[in-house]
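Data first, discussion second: the structure below is written as structure tokens.
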Amino acid sequence: MKIDRLIGILSILLQKEKTTAPELAELFEVSRRTINRDIEDLCKAGIPIQTIQGPGGGIRVMDGYRFDRTILSTKDMQMILAGLRSLDSVSEKSYFAQLMEKIQTGSSELISTRDSILIDLSSWYGESLKPKIEIIQNAIAETHLIRFRYVSPNGESERTAEPYYLIFRWSSWYLYAWCCSRNDFRLFKLNRMTEIQKTEEIFNHRKPAVPDLSDEKSFPGGIGVKALFDADQKWRLIEEFGPESFTETTDGRLLFQADYTDIDNLVTWLMTFGNHCEVLEPFEARKRIRKIVKDMSEIYKTADDTE
């Protein structure tokens, strides 16, 4: 993984007066050519690195920028490492542990083992996500097409796609890819993807922009919702929509008002509250819930029922 190697090289250069490409290559178990490319990338990022050839030479932060060695403060490095450590929760490789083992050679004020932020990106499907993410990461890095089966509300289908971004959003992992079947960019939920394979076929990178996944763009609303909830459901409304999403009525119930995008998802969400919620608007939601309750009543009716 390139990012952990770049962070490791930068950390070593900030801690040591000088190092060499062979030393870094051995430490990170890559070729000298790879280290040279990494040094070029760090220079392009604005890090003042100097490479000196010959006996006594090596790689170091330039003397003229000695005071700029605090370009990354301890807090900055802790934030970077917290992000890197979070990737371990969805990876079969311990990037954080390997990096810390390589750069914590000796005491350093820059690197601290005291963590104040711990992030787990695995959700409830951690073990099944890890191999999926590994395959997709490799396919993205090597610009190889992937094939997989995808399950959606419209059924199952075989897909071939050009993978571009792995995205963690709305408590789930997604793949942003060019779908060869639809001839358009699509957002695939990893939990719905099965039988993922990296093919040997290389694709021409389209260089897409980072997708706009803001709530306003992804969930434009359009369906006005008004519902009354029992007071003991306040915690859920606050957790899912915030304390401004409702007002307390004179009888103690909570009047909830919001915009929703999809009527099917709306009905599904409202049904999770059981009899602790009364839908006022839209009428279509009331109508669907009434039918669902009626159908459920028929399913659970037994011969012993007298009502």
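It should be emphasised that the depicted structure is a prediction, and the values quoted were computed from it without experimental measurement. Note that these values count all heavy atoms, side chains included, but never hydrogens, waters or copies made by symmetry.
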Taking the six-membered ring for Trp and the full ring for Phe, Tyr or His, determine whether the centres of F148 and F188 are under 6.0 Å apart. yes
Applying salt bridge (Lys or Arg N to Asp or Glu O under 4.0 Å), which residue pairs with at least one partner in residues 135-151 are found, sequence neighbours left out? E142-K198, R149-E156, R149-E158
Side-chain donor or acceptor of Y150 paired with backbone N/O of G155 under 3.5 Å: no
Heavy-atom closest pair (L190 atom, L175 atom, distance to 0.1 Å) is CD1-N, 3.5 Å
Common cluster, Y300/M271, ILVMFWY with side-chain heavy-atom separation under 4.5 Å: yes
For the side chain of H276 and the backbone of D230, is there at least one donor-acceptor N/O pair under 3.5 Å apart? no
Does K132 use its side chain to pair, donor to acceptor, with the backbone of I196 at less than 3.5 Å? no
Beyond-backbone contact of T19 with R60, side-chain heavy atoms, under 4.5 angstrom: no
Answer yes or no: is there a side-chain heavy-atom contact under 4.5 Å between L237 and F256? yes
pair I59-I49: side-chain heavy atoms closer than 4.5 Å: yes
Taking all non-hydrogen atoms of both residues, which atom of H144 and which atom of T199 are closest, and how far apart? ND1-O, 2.7 Å
Give the minimum heavy-atom separation between L166 and Q137, together with the two atoms involved. CD1-CG, 3.7 Å
Taking side chain as C-beta onward, heavy atoms only, is Q257 less than 4.5 Å from E281? no
If I compare all heavy atoms of A139 with all of P163, which pair ends up nearest, and what's the gap? CB-CG, 3.9 Å
With a 6.0 Å cut-off on ring centres, are F168 and Y174 close enough? no
pair F185-C179: side-chain heavy atoms closer than 4.5 Å: no
Considering non-hydrogen atoms only, spot the tightest contact between I223 and I263 and give its length. CD1-N, 3.6 Å
Contact check, side chains of T272 and R236, non-hydrogen atoms, under 4.5 Å: yes
Run through F229, F246, W269 and flag the one making a ring-ring contact (aromatic ring centres under 6.0 Å, His included) with F241. W269
If every non-hydrogen atom of W173 is compared with every non-hydrogen atom of L129, which pair is closest and at what distance? CD1-CD1, 3.6 Å
